[in-house]
Amino acid sequence: MRYWLMKSEPAEFSIDDLAREGHVAWFGVRNYQARNFMRDQMRVGDGVLFYHSTCAEPGIAGLAEVSVPAYPDATQFDAGGKYFDSKATQENPRWFNVEVRYVKHTRLLPISELRGYPELATMRILAKGNRLSITPVDPDEWNFILKHLG
DNA sequence: GCCAACGTTGGC
DNA sequence: GCCAACGTTGGC
């Protein structure tokens with residue numbers, strides 16, 4: 001059982017959208033490190049902090065969980081689509097996605113508040129220049145954050 | 001809109 | 001295989 005933080009731009013896909021749909025494929029990741037996390041480490045039942053990025057109030061907005069293990073991301077084969085990858089083939093796919101299930105909304109826990117807790121100082125998301133859209137969360141960090149979400 | 005940080009690309 | 005140039009991310 002591992003824990004993760006997954007970023008999403010609410011203008012594209014918010015916690016409200018996840019709540020409405022219940023269950024979604026996390027397609028469109030085009031970064032090898034993030035792909036490797038999904039493909040090699042994410043397991044059904046892993047906990048997910050759903051994070052809103054690139055918006056007025058960036059921060060943790062809800063909880064989700066991994067519901068389906070990684071499989072090839074269908075959008076890489078969609079010629080003309082935004083996520084098409086001409087180097088990917090059915091026999092040798094390059095990109096993978098897990099699926100995640102909505103668990104619940106939380107209060108918005110802003111990144112400014114996260115930065116204020118010494119207990120969270122080593123979180124990947126808070127590291128200078130961090131751009132990874134999927135990052136591992138330590139169990140201690142997970143427990144601390146859940147406690148502070150009330 | 002700014003800009004620092006980072007990943008990827010492509011010429012050599 | 002190096003590395004400069006470029007595009008993207010994302011908080012502020």
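Naming: A, B, ... by sequence-line order, numbering from 1 per chain. These numbers come from the heavy atoms of this one structure, side chains and all, not from hydrogens, waters or symmetry mates. Please read these numbers as outputs of a predicted model, since none were measured by experiment.
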Under 4.0 angstrom between A:Arg35 side-chain N/O and B:dG7 OP1 or OP2: no
Interatomic distance, A:Leu132 CG vs B:dT8 P [rounded to whole Å]: 10 Å
Nearest-Å distance for atom pair CD1/P, residues A:Ile125 and C:dT9: 14 Å
Sugar-phosphate, base or nothing in reach of A:Arg115, heavy atoms under 4.0 Å: sugar-phosphate
Nearest-Å distance for atom pair CD/C1', residues A:Glu12 and C:dG10: 14 Å
A:Trp26 to A:Ser8 - nearest heavy-atom pair and separation: CH2-CB, 4.1 Å
From C:dC12, B:dG7, C:dG10, nucleotide with atom closest to A:Ser53 side chain: C:dG10
Closest to the A:Asn31 side chain, choosing from C:dC12, C:dG10, B:dG7: B:dG7
Whole angstrom value for the distance that separates P of B:dT8 from CH2 of A:Trp95: 7 Å
A:Glu9 CD - C:dT9 C1' separation (whole Å): 8 Å
Phosphate OP1/OP2 of C:dG11 contacted by A:Tyr51 side-chain N/O (<4.0 Å): yes
Distance below 4.0 Å between A:Lys128 side-chain N/O and B:dA4 OP1 or OP2: no
Check: A:Phe144 ring centre within less than 6.0 Å of A:Tyr117 ring centre: yes
Within the 6.0 Å centroid threshold, strictly below: A:Tyr32 and A:Trp95: yes
Spacing of A:Asn130 atom CG relative to C:dT8 atom P, expressed in whole Å: 19 Å
Worked verdict on A:Arg30 versus A:Thr75 for side chain to side chain donor-acceptor pair (under 3.5 Å): CA-CA 11 Å; A:Arg30 294 295 180 268; A:Thr75 63; 3.0 Å; yes
Smallest separation among heavy atoms of A:Leu149 and A:Arg107, with atom names: CD2-O, 3.9 Å
A:His52 NE2 - C:dG10 C1' separation (whole Å): 15 Å
A:Met123 CE to C:dG11 P, straight-line distance once rounded to whole Å: 13 Å
Options C:dG11, B:dT8, B:dA5, nucleotide nearest the side-chain atoms of A:Tyr32: B:dT8
